[in-house]
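Below is one structure, written out as structure tokens, with a few remarks after it.
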Protein chains: 2
Amino acid sequence: MTDTTHETPASILIIDDHPLLRRGVTQLLELEDDLVLAGETGEPAEGVRLARELDPDLVLLDLNMPGMNGIETLKRLRDDGFAGRIVIFTVSDNEEDVVDALQAGADGYLLKDMDPDEMVRQLRQATLGRMVISESLTALLAEALRHQRSKPAAPDIHSLTQREREILGELAAGLSNKMIARKLDITEGTVKVHVKHLLKKLNLRSRVEAAVWAVQEGLDR
Amino acid sequence: MTDTTHETPASILIIDDHPLLRRGVTQLLELEDDLVLAGETGEPAEGVRLARELDPDLVLLDLNMPGMNGIETLKRLRDDGFAGRIVIFTVSDNEEDVVDALQAGADGYLLKDMDPDEMVRQLRQATLGRMVISESLTALLAEALRHQRSKPAAPDIHSLTQREREILGELAAGLSNKMIARKLDITEGTVKVHVKHLLKKLNLRSRVEAAVWAVQEGLDR
DNA sequence: GCGGGCCTATCCCCTAGGAGGTAGCGGGCC
DNA sequence: GGCCCGCTACCTCCTAGGGGATAGGCCCGC
């Protein structure tokens, strides 16, 4: 399941307002027989529409575009149900941008000044489900982690309060909010508040993700 | 989490229309300091109300009662959000009854002719989260399994179709129905149908339970 | 050929879940 | 004393999820 092997070439949609750069990438893709262009556009809103229509394996997304910025576009893609990979492709090596993008659910962050061969290699890795980050950003990322950003970049059990951990445990046992409320003798509304908070802290999008994560981390016992 | 140790005694609610039998069990409980009577009633509907009010750790439930039968009562308790243990307590060693009760979510099935000491031992096991079945029923259960009942008693991956397994895999990855639909290029409605069917086949109550089960079984990779 | 399982889709209906906000209360910290 | 955090509770609004039912197209086995 969660098939990430590509018997057929991986399709890529480019959303970037620089025509020349799009041209560069498409030329690059033409040389590879396991990567194929699904479509391209310079308009963020059009990009969301195309993602729905073409359902590419990967979206290469510029951060700085007129109208809607990249982060916003990323969120809209996810809200719209797009389940493929989303890789940011930008000139900005600003720490804030990198952190924001990753926290918004980007599967990669590549800089536009990268070597073409390296670019292809990274795209291929991304279509296989791996997180890809431009090499020059790793030091910056390490630094960001050391200084402990306010918004945690990865799920971290330690950011949860005791009560939230307790709720998470019950949630991972498959209990509904109502059942958890009954068990802990609080109202369902309060359970919802705890769930809401722990999802935010863990940067997860649903109770299912939280349950799966908890089980994989062995927090459910 | 999912705390099943009882620093305080485990409370038990008895729902049984035989006053004498209730008396017998309560007397039995009085001899044990780790088990305590939460309440008792001969009325199924009253039992559901009491379960909500008293929120006992365990409900001891008769199968054959006038008005609402035990299975129906069991379902109402679960619908009402009761998350504690529910153990069937009956004279019936009918295979159909046993299978139905367990499939409806009973955590145990004890026969009324059992030895008092054994009864206490089994109740204690049940409060600790273990499934308890009267010894004399084990052969019958084995037989039922051998003849492969139409409704599978336990989650079984083999009862799923290929497509359902695929859906389960995506579900266990934390994807929403909408995302799964996009990824597999079918409508969200169809995904819902598959999810509905696999939940029924696996005898699970929500996608969260399905996701947790799949992860624990290693089906998500 | 006919039945049955599988996949797809659509309809209705209702509950569960999650985002946003406000607020009271207790405890610890400065 | 004031302030923040954790826990509780309530509110509104909207979407996601799930039950039940029906049905068409497809393929396979009898």
Side-chain angles (χ1 to χ4, degrees), chain A residues 75-76 78-83 104-105 150-151 157-212, chain B residues 75-76 78-83 103-105 148 150-152 157-213:
Chain A
K75 288 177 180 168
R76 295 224 188 163
R78 291 302 188 203
D79 284 348
D80 192 45
F82 179 67
S150 55
K151 326 170 198 166
I157 185 69
H158 301 300
S159 64
L160 301 185
T161 67
Q162 183 56 42
R163 197 56 156 172
E164 286 161 353
R165 273 191 287 275
E166 195 174 2
I167 300 276
L168 177 59
E170 303 299 346
L171 192 162
L175 297 199
S176 66
N177 288 336
K178 189 192 284 186
M179 285 182 169
I180 297 173
R182 293 288 299 278
K183 189 160 183 178
L184 302 185
D185 200 30
I186 53 180
T187 68
E188 186 183 351
T190 300
V191 176
K192 283 189 175 187
V193 171
H194 287 310
V195 171
K196 179 171 28 177
H197 287 164
L198 73 85
L199 286 180
K200 196 171 186 66
K201 285 183 179 177
L202 298 179
N203 199 28
L204 299 174
R205 286 183 292 281
S206 72
R207 70 193 293 103
V208 180
E209 287 189 0
V212 169
Chain B
K75 288 176 180 168
R76 295 225 190 162
R78 291 301 188 204
D79 284 348
D80 194 45
F82 180 68
Q103 284 178 353
Q148 188 64 308
S150 56
K151 327 170 198 167
I157 185 70
H158 301 300
S159 65
L160 300 186
T161 67
Q162 184 55 42
R163 197 55 155 174
E164 286 161 354
R165 273 192 285 277
E166 195 174 3
I167 300 276
L168 177 58
E170 303 299 346
L171 192 163
L175 298 199
S176 66
N177 288 336
K178 189 190 287 186
M179 284 182 171
I180 297 174
R182 293 288 299 279
K183 189 161 182 178
L184 302 185
D185 200 29
I186 54 180
T187 68
E188 185 182 352
T190 300
V191 175
K192 284 188 174 187
V193 171
H194 287 310
V195 171
K196 180 171 24 177
H197 287 165
L198 72 88
L199 287 180
K200 195 171 189 64
K201 285 183 180 176
L202 299 179
N203 200 28
L204 300 174
R205 286 183 294 282
S206 72
R207 70 194 292 105
V208 180
E209 287 190 359
V212 169
W213 180 76

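The analysis underlying the following values was restricted to heavy atoms, covering all of them including side chains, and did not include hydrogens, waters or symmetry mates.
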* Working to the nearest 0.5 Å, report the span between CD of Gln162(B) and CD of Glu166(B). => 6.5 Å

* Asked: How long is the gap from CZ on Arg78(A) to NZ on Lys75(A), to the nearest 0.5 Å?
  -> 13.0 Å

* Which distance, rounded to the nearest 0.5 Å, do you find between the CG of Asn177(B) and the CG of Leu171(B)? -> 7.0 Å

* Asked: When all nucleic acid strands are considered with a 4.0 Å heavy-atom cut-off, which category describes Thr190(A): base, sugar-phosphate, or nothing?
  -> base

* Asked: In Å, rounded to the nearest 0.5 Å, how long is the span from CG of Leu202(B) to CG of Leu160(B)?
  -> 4.5 Å

* Asked: Atom CD of Glu209(A) and atom C1' of dG17(C): how far apart are they, to the nearest Å?
  -> 14 Å

* **Mate of dA21(D) where both pairing distances stay under 3.5 Å, Watson-Crick or G-U** => dT10(C)

* **Integer-rounded Å distance: dG17(C) P and His194(A) NE2** => 15 Å

* Asked: When the distance from CD1 of Ile167(A) to P of dA9(D) is rounded to whole Å, what number comes out?
  -> 11 Å

* Atom CG of Asn203(A) and atom P of dG18(C): how far apart are they, to the nearest Å? -> 15 Å

* What nucleic acid atoms does Gly189(B) come within less than 4.0 Å of, heavy atoms only: base, sugar-phosphate, or nothing? -> base

* Asked: Arg163(A) has an atom CZ; how far is it from atom P of dG26(C), in whole Å?
  -> 17 Å

* **Annotated protein contacts, base or backbone, on nucleotides 16-30 of chain D with a non-hydrogen cut-off under 4.0 Å, one of B, S, - each** => SBBBBB---------

* Asked: Between atom CG in Leu160(A) and atom P in dC5(D), what is the gap in whole Å?
  -> 16 Å

* Asked: Starting at CE of Met179(B) and ending at P of dT15(D), how long is that distance when rounded to a whole Å?
  -> 16 Å

* Counting only side-chain N and O atoms of Thr161(B), is one of them less than 4.0 Å from OP1 or OP2 of dC7(C)? -> yes

* Summary of salt bridge (Lys or Arg N to Asp or Glu O under 4.0 Å) pairs that have at least one residue in residues 204-213 of chain B, sequence neighbours excluded -> Arg205(B)-Glu209(B)

* Asked: Could you state the interatomic distance from CG (Asp80(B)) to CE (Met179(A)), rounded to the nearest 0.5 Å?
  -> 10.0 Å

* To do: Please name the pair of heavy atoms, one in His194(A) and one in Arg163(A), separated by the smallest distance, quoted to 0.1 Å.
  => NE2-CG, 3.6 Å

* Asp185(B) CG to dC7(C) C1': how many Å, rounded? -> 14 Å

* Structure fact -> For dC29(C), the nucleotide meeting Watson-Crick or G-U wobble distances (both under 3.5 Å) is dG2(D)

